[in-house]
Amino acid sequence: MKTIRANQARGPGVLRLLAGGLARHAVLIGATFLMLYPLLWMVASSFKPESIIFTDLSIWPHAFDFGNYIQGWTALQESFTVFFKNSVLVAVLVVIGNTISCSITAYAFARLEFRGRRIWFVVMLGTLMLPYHVTLIPQYVLFLKLGWIDTFLPLIVPKFLAADAFFIFLMVQFFRGIPRELDEAAVLDGCGPWRIYWKIILPLSMPVLATTAIFSFLWTWNDFLGPLVYLNEASNYTVPLALRSFVDSTGQSAWGQLFAMSVLAILPIFLFFLCFQRLIIEGVAQSGMKR
């Protein structure tokens, strides 16, 4: 009898918990749909005739028309094959440059002793407070005198010079969590700083290196201002600049083709993040942990 009464008393509480959980999930699902609706609408609009894009707000097209993709791919002066190649080239080189240069700089700040280390580390952190627009004009003048305008060099070369303080700080925090006893043991075995960096630090730092590579790729792929400032010829355009070319000076646009090419531009980012999201979370979480 006591068991039956206990179960009867517990029943309303379980129902309340179940109802509360269902309500929270319903709210989260609704909020997710609201946030994803613009993206879903853009994908659906890429398959619609341009005449009904802004009159039909549904996210499921009545008929799938791939004409916008076929026409949009060759609608500009150059085909999107050229623009995608340019974006891939710049993004890959930026990933390589950031990963190498920032890891070397972070290793020096985290593991080596040299005069003025703390001062230079503070100066490096101070650059995080400078907006990109503050240094844009001096950099443009410098690259103009070097003859680098309308080339990919202004977008790539600074990345090989440890220009991204955020990634340096992220790696410094991660490297400080690696036990120094490993360095001491390596020194006893005759290893120098470079061998310690290559044989010990880098193999143990794959999560933060992957995080740096992923964010570098995403930010470079989406970058619009840098290519807009430094690139002039259409043959050098990256994907974001090419998408902007669909809109003319009067504000008119081939919206269907624009949406179709925007979907293709987002696809590599989505797949890249989907494949490596675990490494992003692991790298950021471990870099912020106190050990």
Side-chain angles (χ1 to χ4, degrees), residues 86-87 89-177 197 205 207-232 236-241 243-244 269 272-273 280-281 283-290:
N86 293 340
S87 287
L89 174 64
V90 174
V92 169
L93 291 178
V94 165
V95 167
I96 295 173
N98 267 341
T99 305
I100 294 175
S101 63
C102 292
S103 63
I104 293 175
T105 306
Y107 171 69
F109 280 129
R111 314 298 276 197
L112 302 182
E113 297 291 340
F114 56 89
R115 181 177 298 178
R117 184 184 66 166
R118 294 187 177 182
I119 296 176
W120 289 116
F121 186 68
V122 172
V123 171
M124 183 272 298
L125 290 180
T127 61
L128 288 172
M129 304 179 189
L130 293 176
Y132 176 71
H133 310 80
V134 172
T135 60
L136 181 60
I137 295 178
Q139 286 180 352
Y140 183 87
V141 173
L142 173 63
F143 295 141
L144 180 63
K145 291 182 178 180
L146 292 174
W148 288 3
I149 300 301
D150 203 23
T151 69
F152 298 139
L153 294 177
L155 305 175
I156 296 172
V157 172
K159 307 303 179 182
F160 283 86
L161 303 176
D164 284 317
F166 171 76
F167 295 127
I168 298 175
F169 176 73
L170 193 70
M171 291 185 181
V172 166
Q173 294 299 103
F174 190 94
F175 292 168
R176 285 174 176 173
Y197 162 77
S205 305
V208 73
L209 294 177
T211 301
T212 299
I214 293 166
F215 277 116
S216 295
F217 180 85
L218 297 180
W219 293 348
T220 304
W221 187 270
N222 290 326
D223 185 24
F224 176 77
L225 182 59
L228 177 65
V229 172
Y230 297 117
L231 303 179
N232 299 325
N236 291 331
Y237 280 6
T238 56
V239 172
L241 276 185
L243 293 176
R244 176 61 180 82
I269 300 174
F272 202 80
F273 180 80
I280 295 177
I281 297 172
V284 174
Q286 292 187 16
S287 299
M289 292 173 65
K290 295 181 179 179

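All values below come from the heavy atoms of this structure, side chains included, with hydrogens, waters and symmetry mates left out.
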Drop me the distance from [X]'s [atom1] to [Y]'s [atom2], to the nearest 0.5 angstrom.
X    : Y    : atom1 : atom2 : result
F217 : N98  : CZ    : CG    : 13.5 Å
I156 : L161 : CD1   : CG    : 12.5 Å
L231 : I149 : CG    : CD1   : 9.0 Å
I137 : L142 : CD1   : CG    : 14.0 Å
M171 : D164 : CE    : CG    : 10.0 Å

Going by side-chain hydrogen bond (donor to acceptor under 3.5 Å, both in side chains), name the residues that satisfy it together with D150, two or more places apart in sequence or in a different chain. N236

Going by the rule side-chain hydrogen bond (donor to acceptor under 3.5 Å, both in side chains), which residues pair with Y230 if we only count those two or more places apart in sequence or in a different chain? none

Check: [Y] main-chain N/O paired with [X] side-chain donor or acceptor under 3.5 Å:
X    : Y    : answer
S216 : V95  : no
T105 : A162 : no
T99  : I96  : no
S101 : A163 : no
S103 : I100 : yes

Begin from the C-alpha positions of F109 and F169 and carry the test side-chain contact (heavy atoms from CB on, under 4.5 Å) through to its verdict. CA-CA 9 Å; F109 280 129; F169 176 73; over 6 Å; no

Least distance between heavy atoms, F114 atom then A108 atom: CE2-O, 3.4 Å

What are the two closest heavy atoms between W221 and S87, and how far apart are they?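 Minimum heavy-atom separation between W221 and S87: CZ3-CB, 3.6 Å.
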
Taking the inter-plane angle between the rings of Y107 and F175 on a 0 to 90° scale, is it parallel (under 30°), tilted (30 to 60°) or perpendicular (over 60°)?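 Ring orientation of Y107 relative to F175: perpendicular.
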
So does I119 have more than 12 non-hydrogen atoms from other groups sitting under 6.0 Å from CD1?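 Counting other residues, nucleotides and ligands, CD1 of I119 stays at 12 neighbours or fewer.
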
Side chains of T238 and D223: closer than 4.5 Å at any heavy-atom pair?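 Heavy-atom side-chain distance check fails, nothing below 4.5 Å.
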
Determine which pairs satisfy salt bridge (charged side-chain N to carboxylate O under 4.0 Å, His left out) with at least one residue from residues 108-128, sequence neighbours left out, and list them in order. R111-D183, E113-R117

Applying side-chain contact (heavy atoms from CB on, under 4.5 Å), run through I168 and V172 and close with a yes or a no. CA-CA 6 Å; I168 298 175; V172 166; 4.2 Å; yes

Yes or no on side-chain contact (heavy atoms from CB on, under 4.5 Å) for T127 and T135, after CA distance, side-chain angles and deciding distance? CA-CA 10 Å; T127 61; T135 60; over 6 Å; no

So, applying ring pair (Phe, Tyr, Trp, His ring centres under 6.0 Å) with F167, which one of F215, W219, F174 is it?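 Exactly one pass, corresponding to W219.
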
